[in-house]
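Worksheet: the structure to be examined is printed underneath.
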Protein chains: 2
Amino acid sequence: MTKPTHHHKDYYAPEEKLYVATDNIIFGFDEGVLKLLLFKRRVEPFKGTMSLIGSFVHPDESAPNAAKRVLREITGLDDIFMEELKSYSAVERDPGARCISIAFYALIRIEESNKALVEKHGAIWHEVNSLPDLVLDHGQMVTDALGRLREKAQFYPIGVELLPKKFTIPQLQKLYEAIYQRDIDTRNFRKKLLSLNLLIPLDEKDMSGSKKGAYLYKFNYSKYKKLETKGFNFSLFKT
Amino acid sequence: MTKPTHHHKDYYAPEEKLYVATDNIIFGFDEGVLKLLLFKRRVEPFKGTMSLIGSFVHPDESAPNAAKRVLREITGLDDIFMEELKSYSAVERDPGARCISIAFYALIRIEESNKALVEKHGAIWHEVNSLPDLVLDHGQMVTDALGRLREKAQFYPIGVELLPKKFTIPQLQKLYEAIYQRDIDTRNFRKKLLSLNLLIPLDEKDMSGSKKGAYLYKFNYSKYKKLETKGFNFSLFKT
DNA sequence: TCAAAAGTGTTCTCCTTACACCCATGA
DNA sequence: TCATGGGTGTAAGGAGAACACTTTTGA
């Protein structure tokens, strides 16, 4: 089963190899609720159990590329916010074989995904607050990913990756309330947010949420890129 | 070369396996300088080049355990602060074979390490500020680890892992100045630090640094454990 | 006209920052 | 006695947190 690779020689021959997989924790935000893309495992053991979406890392691709490949196959999306979470390598984690998994979490805009493709793959959006039992250590991965999301969102405005490109401030607030499972004061939220000068106000309103309508904004990515390198404080509240 | 494992059956047979290694970024603090434990690579390719210390992950151990095993072999130390940094899996990262590496960084007290053992393994402490070129992507790993150390030390008092169990406040300040490469105001540093109530003052002085001597403190681990679960703000300065 | 969500300012408190001198001691 | 590092306090500014009412408009 060994495909040829670019490597001319295997210098490490007596060492043992392991299966290397990736698993993706794919977050989305819809109807004011934080969701996760799951599907039914298609291979034994535990075929049919709810599972994260993953793949083995092939010899000709890096782990992040394997994760991106899977994300593209399922959602049709490219160019997505994705970060490595951590690796999972307990000896007994997978009864199917000795296999380590490198978990990645991704933030996507559900409405930009190819819904037919998602459905074709049998993938389903589940509310984060009422997840089914997941196969192997995938439940732990989700817990870890949620922790990381909360940590990260406190210092980086990654929330915008989950919203449409044009979004309203009340939408963003609802997202943060979903991530942190707490209410946030509207006035303080707006003040903090607008003081960062990272939102570009548009001359459009979103009328879907209320009669009055809420102004739409775009995220100022280029300005953010510049700030990011120096680091800055996006924190919304004290611990 | 396949040793028997506990796995009765390999469910994933047609997939390909990869070599999985760990590399350790081992930080120490000595004479006011942040240091890193390096040694000369002992295997081809690039035998003799300066390298981090690593090992392949064996079938009967997890990646963190492989990293801890190596740390124990080299330094004699157990029960060390160690965290996963990230994985490195570029296809061409290692000309020796397709091999991914999971990097861990560790903080140790140099004076508690077994110096004879360290020497026997040919390991050498290098100042972080003047590192030689490292093999493969190990230079990138060090850069990433330094970034993570800075991030982490801002919110968690992990610095104490690098100091003797009894330490003085000026020592701790010098450590933070080494980590962040900047001067810190003595009065503000002490005020912030003591306000956390995580240091237990001892009735001893360390006379080695000055004629006057500086009071020694212990870190209050049990109190820290309690606080950690709720999260708290150790930040020493604003970004 | 009313229900429902959007939008807006001020005060208090606490944390961060900037800043300069005395203390204890061994040499 | 003096050189060296250890140790201390205060004032000003800024950010977070608490808090309630007006605006808009479709139904």
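Below, read A as the first sequence line, B as the second, and so on, with proteins coming before strands; counting in each chain starts at 1. Below, each value reflects all heavy atoms present in this structure, side chains not excepted, and no hydrogens, waters or symmetry copies. This is a predicted model, so every value here is computed, not measured.
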Among the nucleotides C:dA6, C:dT8, D:dT8, whichever has the atom closest to the side chain of A:Pro170 is C:dA6
Length of the line joining A:Tyr215:OH and D:dT25:C1', which is rounded to integer Å: 13 Å
Hey, are B:Asp23 and B:Tyr88 close enough side-chain-wise for a donor-acceptor pair under 3.5 Å? no
Could you state the NZ-P distance from A:Lys205 to D:dT24, rounded to the nearest angstrom? 8 Å
How close do B:Leu172 and B:Gly159 get, heavy atom to heavy atom, and via which atoms? CD1-C, 4.5 Å
What is the separation between atom CD on B:Gln173 and atom P on D:dG6, rounded to the nearest whole Å? 9 Å
On DNA chain C, nearest-nucleotide positions of A:Lys211 versus A:Ile169: which is more 5'? A:Lys211
Specify the residue among B:Lys191 and A:Lys191 whose closest nucleotide of DNA chain D lies further upstream toward the 5′ end. B:Lys191
Say you draw a straight line from NZ of A:Lys166 to OH of A:Tyr215; how long is it, rounded to the nearest 0.5 Å? 14.5 Å
Got B:Leu199 and B:Phe167 here, is their nearest side-chain heavy-atom distance under 4.5 Å? yes
Nearest to the side chain of B:Asp185, which nucleotide is it out of C:dT8, C:dC19, C:dA6? C:dC19
The side chain of A:Asn188 lies closest to which of these nucleotides: D:dG7, D:dG6, D:dA17? D:dA17
Between P of D:dT8 and CZ of B:Phe189, the distance in whole Å: 14 Å
Calculate the interatomic distance between B:Lys212 atom NZ and D:dA3 atom C1'; express it in whole Å. 14 Å
For atom CD of A:Gln154 and atom C1' of D:dG16, their distance in whole Å: 13 Å
Rounded to whole Å, how long is the line connecting atom CZ of B:Arg182 with atom P of C:dA18? 10 Å
Charged N-O contact under 4.0 Å between A:Glu119 and A:Lys115: no
For atom CZ of A:Phe155 and atom P of D:dG16, their distance in whole Å: 11 Å
Taking only the side-chain nitrogens and oxygens of A:Arg187, find out if one of them lies under 4.0 Å from OP1 or OP2 of C:dG9. no
